[in-house]
Amino acid sequence: MRPRYDVLSIFPEYLQPLELSLIGKARKSGLLSLTVTDLRDFTTDRHRTVDDTPYGGGAGMVMKPEPWAQALESVLEARGDADVVDEPPAEGEERHDSRPLLVVPSPAGNVFTQRTAEAFAQERHIVFACGRYEGIDERVLDWAGERFRVMPVSLGDYVLNGGEVAVMAMVEATARLLPGVIGNPESLVEESHSDGLLEYPVYTKPAVWRDRAVPDVLLSGNHAVIARARRDWQIERTARRRPDLIEALDESDLNARDRSV
Ligand SMILES: CC(C)N1CCN(Cc2ccc(Cn3ccc4ccc(-c5n[nH]c(N)c5C#N)cc43)cc2)CC1
């Protein structure tokens with residue numbers, strides 16, 4: 001599967017860093033397709049207006065619905081597989097919903113986590129709608145629900161000025177899970193959050209740096225003991241920095257991790 005990601009924004013240049021590094025290489029080697037489109041290309045007035053005053057009053061401006069509908073319809077037409085018919089579901093399986101996923105970054109969205117990134121990495125086509133101002137006219141999300149699976153998503157409990165930063169993070173967190181994007185897939189296994197715990201501390205040469213030595217256990221060559229030490233450091237670090245994650249892991253889960261070392 002070659003996933004397709006479309007990003008709609010009034011600041012397309014904001015997404016240029018996605019042309020760099022591993023994601024840029026993945027695009028160039030055809031592991032994924034990423035297209036960024038300027039929402040203003042779907043306006044009709046000479047000022048290329050995308051916003052207007054809010055009904056009901058209040059501070060700020062709201063993004064007009066029509067440019068969004070035109071842009072989203074254009075993305076659907078460009079899919080080129082509009083006539084794709086979903087294969088009938090196998091016995092006992094749910095019917096596959098081939099509608100693309102429309103991710104709408106929002107302070108009011110469900111929080112994006114590693115689980116969300118893993119789910120996104122299974123998607124054939126994701127459209128990311130970067131809002132600005134006070135947000136997008138709510139009717140757009142309602143209208144889009146006829147053609148997309150609509151998912152409001154928040155990067156976290158803090159306020160940004162728009163959706164672009166969130167989309168950068170989501171695309172990176174998702175694309176790095178795709179086969180072939182990260183050189184060594186092993187490095188995906190022991191990452192923070194991949195197993196519910198924060199990752200262990202890492203060290204490299206020199207063995208002693210500014211009077212600080214690498215923990216002896218890492219120089220022992222005993223892989224079972226090293227693995228055990230790393231697990232202990234993960235649990236200790238998680239308990240100290242993210243006790244909420246420890247609570248989310250039940251006792252048997254933690255013990256199972258210990259047994260697996
Ligand atoms: C009372 C009245 C003056 N209040 C005014 C502020 N309102 C909340 C409000 C605040 C900022 C923005 C700016 N903005 C526009 C599109 C957009 C997309 C994502 C995010 C965003 N922020 N934080 C995240 N984790 C996000 C994600 N993902 C922010 C966005 C939009 C909306 C609440 C009402």
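Along the sequence shown, the residues carry numbers beginning at 1. Numbering of ligands and ligand atoms starts at 1, following listing order.
Geometrically, ligand 1 and Pro105 share no nitrogen or oxygen pair separated by less than 3.5 Å. Residue Arg132 places no N or O, backbone or side chain, under 3.5 Å from any N or O of ligand 1. Between Gly156 and ligand 1, at least one pair of N/O atoms sits closer than 3.5 Å.
No side-chain donor-acceptor contact under 3.5 Å links Thr174 to the backbone of Val171. Checking side-chain atoms of Arg124 against main-chain N and O of Pro100 turns up no donor-acceptor pair under 3.5 Å.
Residues Asp41 and Arg48 are paired through a salt bridge, judged by an N-O separation under 4.0 Å between the basic side chain and the carboxylate. Ion pairing between a basic and an acidic side chain is recognised when a charged N comes within 4.0 Å of a carboxylate O; Arg132 and Glu164 show such pairing.
Of all the atoms in ligand 1, the ones that sit under 4.0 Å from a non-hydrogen atom of Glu134 are 5 (C), 6 (C), 7 (N), 31 (C), 32 (C). Residue Tyr158 has at least one heavy-atom neighbour below 4.0 Å for each of these atoms of ligand 1: 22 (N), 23 (N), 24 (C), 25 (N). Contact atoms of ligand 1 toward Val159: 10 (C), 11 (C), 22 (N), 23 (N) (distance under 4.0 Å to a heavy atom of the residue). Listed by atom number, the atoms of ligand 1 under 4.0 Å from Tyr133 heavy atoms are 12 (C), 13 (C), 14 (N), 15 (C), 31 (C).
In Val153, the part holding a heavy atom less than 4.0 Å from any atom of ligand 1 is the backbone. Under 4.0 angstrom from ligand 1, there are no non-hydrogen atoms of Ile136.
Gln70 and Glu66 are linked by a side-chain donor-acceptor pair at a separation below 3.5 angstrom, with hydrogens and angles left out of the test.
In this structure, Leu245 and Gly196 approach most closely via the heavy-atom pair CB-O, 3.8 Å.
No more than 12 heavy atoms of other residues, nucleotides or ligands sit less than 6.0 Å from atom OH of Tyr14. Applying the 6.0 Å contact sphere to CG of Asn110 captures no more than 12 heavy atoms from other residues, nucleotides or ligands.
To the nearest 0.5 Å, atom CG of residue Leu39 and atom SG of residue Cys130 are 10.0 Å apart.
The residue among Pro152, Pro107, Gly58 with a heavy atom at the shortest distance from atom 8 (C) of ligand 1 is Pro107. Taking only non-hydrogen atoms, the option from Cys130, Ser106, Gly131, Ala59 nearest to atom 16 (C) of ligand 1 is Gly131.
Atom 6 (C) of ligand 1 lies below 4.0 Å from at least one non-hydrogen atom of the protein.
Atom 29 (C) of ligand 1 has Leu160 O, 3.4 Å as its closest protein atom, hydrogens excluded (heavy atom only).
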